[in-house]
Structures are given as structure tokens and as C-alpha cells.
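Quick notes on the structure that follows.
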Amino acid sequence: MPELPEVETRVREMRPLCVGRTIVGVRLQWARHVEPLLPSEFEQQILGQEILAVERRAKYLVFRLSRQDLLIHLRMSGDLSVVASGTPYEKHDHTTLGFDNHTELRFNDARKFGRATLVASAEQFTAHLGPEPLDPAFTAVVLYQRLQNSNRALKPLLLDQTFLAGVGNIYCDEALFASGLHPLRLASSLSEQEVALLWQNIRQVLWDGIARNGASIDWVYRGGSQQHHFAVYGRTHQPCLTCGTPIQRLVVGQRGTHICPQCQPSG
DNA sequence: AGAAATACCCGTACGC
DNA sequence: TGCGTACGGGTATTTC
């Protein structure tokens, strides 16, 4: 369940392993990974291009290539790694890019939700997305104005990538809890004070996630400890860390939602 | 037009 | 044990 912090973690991990590499080989095991291009088109276009930079926009990893941009979205279960050429393939290694130094970038994606999109311009491709929550330009005032313009419930709005880019279900629940806001509150009903708190907490939970290298959650089924450091997400029926009230799970906009009914009054 | 619901996937957890 | 089923999650697409 990579959200902004998990994607940012991968960006930082991939950057030193990918920048400066030239793509000399392609292996596609799942054609739809590269839609809307056909595998043959994808391969023909990407071969020979050098990776100039690795960046992030929303939940996309952006690989700046010689002539194009490659955007990788991990969706639910995707993960990236760079391994030595010849390393045996893992079960769900669907897309592999071979580099000029005997290493390979492997896109493992158990649920096949991810995408590797080759485009002329990442900016154009992501133009419809909302502001970056960690960008200095994203101020509390900007958030307040955007919330004022909406009649929707708070949570579905925060998850709408055209409203705000990079926040997913987990960090959304965490930010709302930290702000004492009920997920069904009407966006435009928030006071300036409430928005200021929400703005601060959105950024805080994201920064915290990045600081922990996105390792707070067992996202992509990496074996071992399933420990996480969240206050409400995944803590249904467990006591609220603030007041002890059992955490409730409800469904908001089709999404599992975790709240403390005491700390996040619906009224 | 805008908002809500559905489709896309499959590993996992659960019930019988 | 093994089979069947519900569930989750981000976003493009479809429906309301």
C-alpha cells in the first residue's frame, strides 16, 4: 500500500542505483504493465535511453530518461529493486529493465495493479493531479480555500488525487485522527483553525512516514514483522492511544476507515 | 458537471 | 486438509 512516504522511500533507494545507467534490455511478463503502449512499442522506445534522474510526483516514481519520462506507479502491491543480472526471478517479477552495468531494475507486482508508463512529459501526464502536500507552496491557506470549495465529505476528498496528491487510506486516517476530525465532516464546514491543524497533521504524518523509510507498514508483503506505528489504522477494537475508547472501523466512500469515536466527534 | 459506484487484480484470512 | 468466499487498496472508467 505505497503512499507518498513509501514511494519517496523507493525514489531515494532507486536514485543512486539507477541514475547514469543506460537501459540495454527489457523483459515484460505482463503486457498491461506498460499500457497503453504495446510491449514491442515500449521496448523499442526505451532501449538505449539513459536514466538522468529519479524523482517523485504524487505516488509516481518519475524516471527522467534521455528522450522521455518513465512513470512507475506501484499501486497496491508493486515494489522495485535493483539486482545483479542473472539473479533468479521472483514469482511476480513482471517487468525488468536491464542496465549497462550488469544490474537490472525489477518491478515486482503481485496484484498486477501497477503501471510503467512511458510518456513525453511527466508534467503533462500528471497535470490533473492536486498539489504536493509537502511542497512549500501548499500552505494552510491553500488547503482552506480548496476545502471551502467542496461539498464533499472530508475523507473521500483527501483521497481524491486531483484534490491533494499522495495521501492514501492509511495516512488519511492518521491525519484525521491527529486532527480530531471525523471523516464524514463536510469539507466546507471546517473552521480556519481546524484546517490549520489538519494541514499540519497531514504534513506531519507524511514526514514521519518518510523518516521511518515508509517501513511503518508491512506494505508489499515483505515477510517478518507486521508492526506498524499508527494510532488508528488497523487498530479496530483496540484502545485509543489518547482516551482509551475502542477504535471503530467504518466504511466511508467504500474505504475501510478507522476512527476514535470519542476524539473525532461527527457533530 | 460533479459525485458516487464499479472494474481491475490476487494474496491473505477466514469459515466450514 | 482443502475448498469457497470476502476483503483490501489506488485510480480509470462507468453510472447516477
Side-chain angles (χ1 to χ4, degrees), chain A residues 1-10 28-37 56-62 71-80 90-95 107-117 119 122 124-130 132-133 146-176 183-189 202 206 209 214 216-228 230 232-237 247-259:
Chain A
M1 43 199 82
E3 302 180 24
L4 186 155
E6 288 73 33
V7 175
E8 180 65 27
T9 297
R10 279 296 172 271
L28 297 179
Q29 295 292 101
W30 173 246
R32 297 184 58 180
H33 246 179
V34 298
E35 279 184 347
L37 293 185
R56 182 190 59 75
R57 168 73 170 113
K59 298 173 190 170
Y60 290 90
L61 288 101
V62 180
L71 294 96
I72 293 186
H73 200 304
L74 302 172
R75 290 283 186 103
M76 276 300 298
S77 59
D79 198 11
L80 298 176
E90 302 282 328
K91 186 172 183 186
H92 301 290
D93 283 341
H94 297 306
T95 295
F107 185 0
N108 185 286
D109 187 11
R111 293 184 190 173
K112 297 179 176 176
F113 272 21
R115 290 292 181 271
T117 313
V119 297
Q124 190 178 332
F125 185 81
T126 62
H128 66 290
L129 297 175
E132 286 289 330
R146 289 177 77 84
L147 289 169
Q148 281 291 300
N149 286 330
S150 173
N151 297 316
R152 300 171 66 182
L154 203 41
K155 171 154 177 170
L157 192 59
L158 293 175
L159 290 179
D160 183 339
Q161 300 298 295
T162 68
F163 179 83
L164 183 65
V167 175
N169 201 40
I170 297 172
Y171 290 94
C172 183
D173 279 4
E174 292 301 315
L176 289 175
L184 288 176
R185 278 282 300 276
L186 196 64
S188 56
S189 77
I202 288 172
L206 294 176
S216 50
I217 351 159
D218 191 349
W219 52 291
V220 257
Y221 306 137
R222 300 199 154 177
S225 59
Q226 191 129 15
Q227 64 180 346
H228 28 105
F230 292 109
V232 285
Y233 185 84
R235 296 194 64 245
T236 309
H237 302 321
I247 298 301
Q248 264 179 21
R249 180 185 183 281
L250 47 152
V251 176
V252 176
Q254 323 285 89
R255 313 302 300 280
T257 298
H258 309 76
I259 66 164

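- In this structure, A:Lys59 reaches the C:dT11 phosphate: one of its side-chain N or O atoms is under 4.0 Å from OP1 or OP2.
- In this structure, the CG atom of A:Asn149 is 11 Å from the P atom of B:dA3, given to the nearest Å.
- If you measure from atom CD of A:Glu35 to atom P of C:dA12, you get 13 Å, rounded to the nearest angstrom.
- Going from atom OH of A:Tyr171 over to atom CG of A:Leu206 covers 7.5 Å, rounded to the nearest 0.5 Å.
- A salt bridge is defined here as a Lys NZ or Arg NE, NH1 or NH2 lying under 4.0 Å from an Asp or Glu carboxylate O, and A:Glu6 with A:Lys59 fails to meet this definition.
- B:dA4 atom P lies 11 Å from atom CG of A:Leu184, rounded to whole Å.
- With centroids closer than 5.5 Å and planes inclined by less than 30 degrees as the test, A:Phe113 and the base of C:dT11 fail to qualify as a stacked pair.
- A donor atom on one side chain and an acceptor atom on the other are found under 3.5 Å apart for A:His33 and A:Asp109.
- Atom CZ in A:Phe163 sits about 11 Å away from atom P in B:dA3, given to the nearest Å.
- Closest to the side chain of A:Arg152, out of C:dA12, B:dG11, B:dA4, is B:dA4.
- In this structure, A:Lys91 places its NZ atom 5 Å from P of B:dG11, rounding to the nearest Å.
- Among the heavy atoms of the strands lying under 4.0 Å from A:Gln161 are primed sugar atoms or P, OP1, OP2 only; no base atom is included.
- You'll find that the side chain of A:Lys112 is closest to B:dC10, out of C:dA12, C:dT11, B:dC10.
- Neither OP1 nor OP2 of B:dC10 sits under 4.0 Å from any side-chain N or O of A:His92.
- Considering only residues two or more places apart in sequence or on other chains, A:Glu174 meets the side-chain contact (heavy atoms from CB on, under 4.5 Å) condition with A:Val205, A:Phe230, A:Ala231, A:Val232, A:Tyr233.
- Rounded to an integer number of Å, the gap from CG of A:Leu74 to C1' of B:dC10 is 17 Å.
- Sequence order on DNA chain B of the closest nucleotides to A:Asp109 and A:Gln254 puts A:Gln254 first from the 5' end.
- Protein atom CH2 of A:Trp30 is 11 Å distant from nucleotide atom P of B:dC8, rounded to whole Å.
- Between A:His94 atom NE2 and B:dC10 atom P the separation is 8 Å, expressed in whole Å.
- A:Asp79 and A:Asn108 form no side-chain donor-acceptor contact under 3.5 Å, judged by distance and modelled atom types alone.
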